[in-house]
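Report on the structure given below.
If you read the sequence from its start, that first residue is 1, and numbering goes on from there. Below, each value reflects all heavy atoms present in this structure, side chains not excepted, and no hydrogens, waters or symmetry copies.
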Amino acid sequence: MTSPSDSPSGTGTAPQHGTEPQDASPGGGLAALANMGWQILLTTGLAAIALGVVVLVWPEETLRVVGVLFGIYLLVTGVFQLAAAFGTHIPGHLRALHFLTGALSVLLGLICFRGTLQSVLLLALWIGFSWLLRGTMVTATAASAPDTPARGWMLFTGIIGMLAGIVLIVSPFTSIGALTLTAGIMAIVLGVIEVFHAIRMRIEAGRVAPGTAAERRPLFRSQPHPQH
């Protein structure tokens, strides 16, 4: 007569230590996620600090690089708009508009490669007109709709955007230089904050790992085999 421990199904056999399942508890995944998170945050923080230092130390070279990137952006968008002007999905009355905007973007992009002054001037005017247009739209929307949520905040941000756009258009070189320095300082500040948060996450990740290990220990403790 066979005992229950000898049955083929193996339901009564004691668990073997060599065949224990791998750790798939949520705690282990949480610790790994936290460990990856603080490393990514630390890397982005150090990169932001380095970028801010470069902007503050070499502002003219930074503007030159930004001007070249802006020229490339205008060329790429212009080429795509020219291609879209001849597409079958564009209505006939909009093809001329796509062609004109594409050709203008390509022309402005080529002007950016002529020198730093041209690219900085175009970049400042581009940003200035964008801010002026957006500020005007936000202000008009808030003024025409009294029941709009956060109407006062919309009016404030719209007016500030309009003023910033006007300043950039009137005094492009001085404004873009001040904007560059402000961007460099903000990059350093944000980088320091991210590094601080990464250190805090590293400390928390070190606390999570021992806690989860302590919680997992009873799950893998071998139990004595019941006698039948």
Hydrophobic cluster identity match, [X] and [Y], side-chain contacts under 4.5 Å:
| X | Y | answer |
| --- | --- | --- |
| Phe129 | Leu179 | yes |
| Leu181 | Val189 | yes |
| Ile185 | Ile188 | yes |

Starting at [atom1] of [X], measure out to [atom2] of [Y] and round the result to the nearest 0.5 Å.
| X | Y | atom1 | atom2 | result |
| --- | --- | --- | --- | --- |
| Phe99 | Leu82 | CZ | CG | 6.0 Å |
| Leu42 | His197 | CG | NE2 | 13.0 Å |
| Leu132 | Ile169 | CG | CD1 | 5.0 Å |
| Leu190 | Met186 | CG | CE | 4.5 Å |
| Leu123 | Gln118 | CG | CD | 13.0 Å |

Which donor-acceptor pairs under 3.5 Å do the side chains of residues 102-113 make with protein atoms, sequence neighbours left out?
{"from": "Ser105", "atom 1": "OG", "to": "Thr101", "atom 2": "O", "distance (Å)": "2.9"}

- Query: Within the distance-only criterion (no hydrogens, no angle test), does the side chain of Thr139 pair as donor or acceptor with the backbone N or O of Thr136 below 3.5 angstrom?
  - Reply: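 Answer holds: no.
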
- Which atoms form the tightest heavy-atom contact between Ser144 and Ala140, and what is the distance?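 Closest heavy-atom pair between Ser144 and Ala140: OG-O, 2.8 Å.
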
Donor-acceptor contacts, no H, no angles, side chain residues 157-168, under 3.5 Å, sequence neighbours left out:
{"from": "Thr157", "atom 1": "OG1", "to": "Trp153", "atom 2": "O", "distance (Å)": "3.0"}
{"from": "Thr157", "atom 1": "OG1", "to": "Met154", "atom 2": "O", "distance (Å)": "3.0"}

Give every donor-acceptor pair under 3.5 Å between a side-chain atom in residues 51-79 and any protein atom, sequence neighbours left out.
{"from": "Thr62", "atom 1": "OG1", "to": "Trp58", "atom 2": "O", "distance (Å)": "2.7"}
{"from": "Arg64", "atom 1": "NE", "to": "Thr116", "atom 2": "OG1", "distance (Å)": "3.2"}
{"from": "Thr77", "atom 1": "OG1", "to": "Tyr73", "atom 2": "O", "distance (Å)": "2.9"}
{"from": "Thr77", "atom 1": "OG1", "to": "Leu74", "atom 2": "O", "distance (Å)": "3.0"}

- Please walk me through it: do Ile127 and Ile176 pass side-chain contact (heavy atoms from CB on, under 4.5 Å)? CA-CA 9 Å; Ile127 298 175; Ile176 201 69; 4.3 Å; yes

- Counting heavy atoms not belonging to Phe156, are there more than 12 under 6.0 Å from its CZ?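 Open.
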
